[in-house]
Amino acid sequence: MIEINAKTREAYDLMHQGTLALAKMERHGIGFDEAKAQTFYVQLSEQIATLEQKIKKSTFYKEWQRSAKTEINIYSDLQLADFLYNIKGYTPTSVTKTGKGATNAEALGHLGIKEVDWLLDIRKLKKARDTYLGSLMRENNSGRIHPHYNLNLVTTYRSSSSDPNFQNMPKRDKEIMKIVRSCLIPSPGFHLMEVDFSQLEVSIAAAYHKDPAMIDYLKHDRDMHKDMAKQIFFLKKFDKNNPYHSYLRKAAKNGFVFPQFYGDYYKPCALNLGQKWGKLQDEEWKRGQGVLVDENTHLSDHLIKNGISSIYDFIEHIKKIERHFWGKRFPVYQEWKETQWSNYQKRGYVDLYTGFRCCAPSKSGSSTLSRNDAINYPVQGSAFHCLLWSVIQLDKQLELHGMQTRMIGQIHDAIVIDVHPDEVNDVVSLAKNIMTKLLPEHWSWINVPLRVEFEMTPQDGSWAEMQGLHI
DNA sequence: GGAACTCGCCAC
DNA sequence: AAACGTGGCGAGTTCC
């Protein structure tokens, strides 16, 4: 629980009306296909049992059991770490914050032990079964689920969701996504629709730092990730239809640009880019290693040709890019970060444009905000408030027009809607008008255009069947 | 026997 | 100076 520090009447009203609109969503809930969930639950359980039997028949298991005094639990990471790192003598690729050898997917995957890979497979299946299907089945109320939305739990004045948490349903892993999301369905005869703000946090950050170069990117919808991919991976030309280039663009986006915006620095970025995205495992790079940069060139060869032959060279390379990124590309943004940090140190709080004040710590044990916190909090909070304001307005409009469409969920920068088939076009224009026109008019501190994307399922299609809607 | 912690992992 | 921001949740484990 946080202390809500609303400094203005407007901030108070946003919380008040927001709470009412979210409560309405919660009451309406989302349809749940119980039978489908039950089927998946059984299927997953069978897959888990099969893998478990395979493991228990293996010599790996027998050796593990022999090494222990009591009956081992193959699902205990503590016992697994002890066996692998203390008894078998493997070196963990990373450690946890308490200094023990890590047993996360990354670390275990590196070992190349097939029984351990089976354990990782089980982990994934159990996550889907117990965390997701399990919580949906537990919270099921006659074919509807009513996730809670909280406005009083997050330090940044974002929302959270629980029982079940509607804001972390699987999406990236397509197999797990289908299992979970296909159980979440519209009302009979309706569609599910999702409206997302495109790059909302980056756009809202621009209102704070006002960096002209960043504003230029956002105003003209220019592709920063492409520019960074070219620089990081020495690409002379970038072809967006080239799948190798698309991959490298994604690496630049997820391995450099986003982490930098959240306050990461060059060294972890470089290590991540090299190992996770570039698939370059050794410190010195040999010929023919890493992902492809074109039909017949591996990343290692490409980097060596450009004078980068080891992870140490690459760290230096990324260090230069980071310096250029903040010093030359976005100096005004950089300057704002420094000012924001020193202002926080002077005053002991950071204010949001939406009228809220952050001074409470998020992490236990610390009574102050870190530098990254002081920079990130106002952006994260007011970005969410753009979504919350939109939810309130859309709710009013749906009510005003006596529509049958209802909002049923909210995920930080997106609204999930249960749409009556006759109201599809109206909902699209209402949402688009509120989110891209009325919102920037209402909050004049917004200084770049806001964009939205729509997705929709077929009639009676589940949440796993979302398709882009071209407006 | 329950509270609190650790670890891992899902989302934005 | 600091070193990726915000959550929820399940399972195992330890503390009281």
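Below, chains carry the letters A, B, ... as their sequence lines are ordered, and counting in each starts from 1. Here the structure is a predicted model, which means the values were calculated and not measured.
When distances run from any side-chain atom of A:Arg371 to the nucleotides C:dA1, C:dC4, C:dG7, the shortest one goes to C:dA1. Comparing C:dT6, B:dG8, C:dA11 by their closest approach to the side chain of A:Asn104 singles out B:dG8. Nearest to the side chain of A:Lys171, among B:dC12, C:dG10, B:dG8, sits B:dC12. In the set C:dG5, B:dG8, C:dG8, C:dG8 carries the atom at the smallest distance from any side-chain atom of A:Asn165.
For A:Thr156, no side-chain nitrogen or oxygen approaches OP1 or OP2 of C:dG5 to under 4.0 Å. Listed pair A:Arg158 / C:dG8 fails the phosphate criterion, with no side-chain N or O lying under 4.0 Å from OP1 or OP2. Taking 4.0 angstrom as the limit, A:Ser76 places a side-chain polar atom (N or O) nearer than this to OP1 or OP2 of C:dT13. Residue A:Ser135 places none of its side-chain N or O atoms closer than 4.0 Å to OP1 or OP2 of C:dC9. Within the 4.0 Å cut-off from OP1 or OP2 of C:dT13, at least one side-chain nitrogen or oxygen of A:Gln79 is found. Contact annotation: A:Tyr75 side-chain N/O to C:dG12 OP1/OP2 distance is not under 4.0 Å. The phosphate of C:dG8 (OP1 or OP2) has a side-chain N or O of A:Ser160 nearer than 4.0 angstrom. In this model, the phosphate group of B:dC7 is approached by a side-chain N or O of A:Thr96 to a distance below 4.0 Å at OP1 or OP2. The side chain of A:Thr155 places an N or O atom within less than 4.0 Å of a non-bridging phosphate oxygen (OP1 or OP2) of C:dG7. Dashed line: the shortest gap from a side-chain N or O of A:Asn73 to OP1 or OP2 of C:dG12 is under 4.0 Å.
Residue-to-nucleotide contacts include no donor-acceptor pair under 3.5 Å from the side chain of A:Lys127 to the base of B:dC10. The base of B:dC10 has none of its N or O atoms less than 3.5 Å from a complementary donor or acceptor on the side chain of A:Arg172. Between the side chain of A:Asp264 and the base of C:dC4, no donor-acceptor pair under 3.5 Å is found.
A:Ser159 comes within contact range of no nucleotide atom at all, as no heavy-atom separation falls under 4.0 Å. Here A:Lys267 lies out of heavy-atom contact (under 4.0 Å) with every strand. Using a 4.0 Å heavy-atom distance criterion, A:Pro170 is classed as a sugar-phosphate-only contact. Counting non-hydrogen atoms under 4.0 angstrom, A:Leu200 reaches nothing in the nucleic acid. If you check every strand for non-hydrogen atoms under 4.0 Å, A:Asn168 touches a base. Using a 4.0 Å heavy-atom cutoff across all strands shown, A:Arg138 reaches sugar-phosphate atoms only and no base atom. Counting any heavy atom pair closer than 4.0 Å across all strands shown, A:Ala414 reaches no nucleic acid atom. Residue contacts shown for A:Lys124 are absent, as no nucleic acid heavy atom lies under 4.0 Å away.
Nucleotide C:dC4 holds its C1' atom 16 Å from the CD atom of A:Glu106, rounded to whole Å. Rounded to an integer number of Å, the gap from CZ of A:Arg123 to C1' of B:dG8 is 6 Å. One atom, CG of A:Asn372, and another, P of C:dT6, lie 9 Å apart when rounded to the nearest Å. Protein atom CG of A:Leu119 is 12 Å distant from nucleotide atom P of C:dG12, rounded to whole Å. Whole-Å rounding puts the A:Asp163 CG to C:dG8 P distance at 10 Å. If you measure from atom CG of A:Leu271 to atom C1' of C:dC4, you get 14 Å, rounded to the nearest angstrom. Rounded to an integer number of Å, the gap from A:His412 NE2 to B:dA11 C1' is 6 Å. The separation between A:Lys126 atom NZ and B:dC10 atom C1' is 17 Å, rounded to whole Å.
From A:Trp443, atom CH2 reaches atom NE2 of A:His385 across 7.0 Å, with rounding to the nearest 0.5 Å. Atoms CD and CZ, on A:Glu201 and A:Phe261 in that order, are 11.0 Å from each other to the nearest 0.5 Å.
Proximity of the aromatic rings of A:His209 and A:Phe330 is defined here by a centroid distance below 6.0 angstrom, and this criterion is not met.
Classification of A:Asp395 and A:Arg406 as a salt-bridged pair fails, no side-chain N sitting under 4.0 Å from a carboxylate O. Under 4.0 Å is where a charged nitrogen must lie from a carboxylate oxygen, and between A:Lys7 and A:Asp351 no such pair does. Here A:Lys56 pairs with A:Glu52 in a salt bridge; the nearest charged N to carboxylate O distance falls below 4.0 Å.
By the 30° and 60° cut-offs, the orientation of the rings of A:Phe314 relative to A:His317 is tilted.
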